[in-house]
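One structure is given below, encoded as structure tokens.
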Number of protein chains: 2
Amino acid sequence: MSDLLERLRGRGWRMTSQRRVVAEVLDGEHVHLTADEVHARAARRLPEISRATVYNTLGELVSLGEVLEVATDGRAKRYDPNAHHPHHHLVCSGCGTIRDVHPTNDPLADLPVEERFGFTVSEAEVTYRGLCPDCA
Amino acid sequence: MSDLLERLRGRGWRMTSQRRVVAEVLDGEHVHLTADEVHARAARRLPEISRATVYNTLGELVSLGEVLEVATDGRAKRYDPNAHHPHHHLVCSGCGTIRDVHPTNDPLADLPVEERFGFTVSEAEVTYRGLCPDCA
DNA sequence: TCCTACGATCGACTGAGTCCAAGTCAAGAA
DNA sequence: TTCTTGACTTGGACTCAGTCGATCGTAGGA
Ligand SMILES: [Mn+2]
Ligand SMILES: [Mn+2]
Ligand SMILES: [Zn+2]
Ligand SMILES: [Zn+2]
């Protein structure tokens, strides 16, 4: 993610201050922020950035594969800058904290062909749920 | 799910026509409906039923463990009457169709203790994504 | 049959996200 | 360097999913 700005320039993106601060926010903390949290952090550096631009930029980063969308609850989507290292998520049912986890098996291998119903299955995402040490 | 009404009565539920039609809608089709779809089907039998009542009843059924909430996209939650047979979901990225699937392994077993960060992990839900035969 | 607490209703409200018309500016051309 | 232009940004209105609360209705017990 560190040379994200270079990769974006290479794809013909016009480099604006808004896009730069959004990329910097995501680059800075490897956490899972909502769009409004990204907006709040971006606005600390560039006070007049709009929510619409944050949504636009996040959407573009997602379709470029630079950022992942995570929807673990029915609430706001979260944006995951750790897109180049495959992983899954462990969510605390108490406080909502999300941690990256790395199971030892690819769950795709556990779905037999007769359970695929003719689908071209390309991805398996696992959400583990439980209580974190603080909430237990 | 067939004697759901009996179980609810046993739990002290007041049996109203609204709760009956919501339970019948869920009982009738083993698909994954949104709250508004449940409302539309319920309203075919009981035209005056309100959205608020459908939301209330679905929420109660979920906390009783009779129905599962599924949030595969960032859109409306879906309600799964198949709560007594553990399974996972296969979602078409094209049209959004959802199918129940049964992997051969429990993904909980694939999460080593050093990847649990002190959490009490109780559940693992897998979402497989791909293209259905029609969308491929 | 009557009573009443539990449930249903409607509409106002919230939160998350989208859309659009109008204004701005990054970056290539000259 | 300045000009030009279309890509980008903005604020606000709007949509969609869901929640809340005051008031009304009724299931089911006495
Ligand atoms: Mn992550
Ligand atoms: Mn299901
Ligand atoms: Zn917690
Ligand atoms: Zn499809």
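What you are looking at is a predicted structure, and each value in this text was computed from that prediction instead of being measured. Below, chain A is the first sequence line, B the second, and so on; all start at residue 1.
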Leu8(A) atom CG is separated from dC8(D) atom P, nearest whole Å, by 11 Å
Donor/acceptor link under 3.5 angstrom from Arg14(A) side chain onto base of dC8(D):
no
Walk me through it: do His89(B) and His32(B) pass the test ring-ring contact (aromatic ring centres under 6.0 Å, His included)?
CA-CA 10 Å; His89(B) 291 113; His32(B) 304 83; 4.7 Å; yes
Please tell me which of Gln18(A) and Ile49(B) maps to the more 5' nucleotide of DNA chain C, matching each residue to the nucleotide holding its nearest heavy atom.
Ile49(B)
Whichever of Ala35(B) and Arg19(A) has the more 5' nearest nucleotide on DNA chain D, that residue is Arg19(A)
Round to a whole Å and report the spacing from CG of Asn56(A) to C1' of dT18(C).
9 Å
Side chain of Ser50(B): nearest nucleotide among dT18(C), dC10(C), dT9(D)?
dC10(C)
Compare the minimum distances between each of dG17(C), dT10(D), dA8(C) and the side chain of Thr16(B), then state the nucleotide with the smallest one.
dA8(C)
Can you find a donor-acceptor N/O pair under 3.5 angstrom joining the side chain of Arg51(A) to the base of dG17(C)?
yes
Taking the side chain from Glu37(B) and the backbone from Thr34(B), do they hold a donor-acceptor pair closer than 3.5 Å?
yes
Smallest separation among heavy atoms of Ala23(A) and Leu5(A), with atom names:
CB-CD2, 3.9 Å
Could you tell me whether a side-chain N or O of Asn105(A) sits under 3.5 Å from a main-chain N or O of Pro107(A), the two making a donor and an acceptor?
no
Between dG11(D), dA17(D), dG18(D), which one does the side chain of Glu48(A) approach most closely?
dG11(D)
So Thr53(A), base contact, sugar-phosphate only, or nothing? Heavy-atom distance under 4.0 Å.
base
With DNA chain D as reference, determine whether Lys77(B) or Arg9(B) sits nearer its 5' end, using the nearest nucleotide of each.
Lys77(B)
Minimum-distance nucleotide to Ala76(A) side chain [options: dA8(C), dG17(C), dA17(D)]
dG17(C)
Tell me which nucleotide among dT9(D), dG28(D), dT10(D) gets nearest to the side chain of Met15(B).
dG28(D)
Closest nucleotide among dG12(D), dT9(D), dG18(D) to the Ala52(A) side chain
dG12(D)
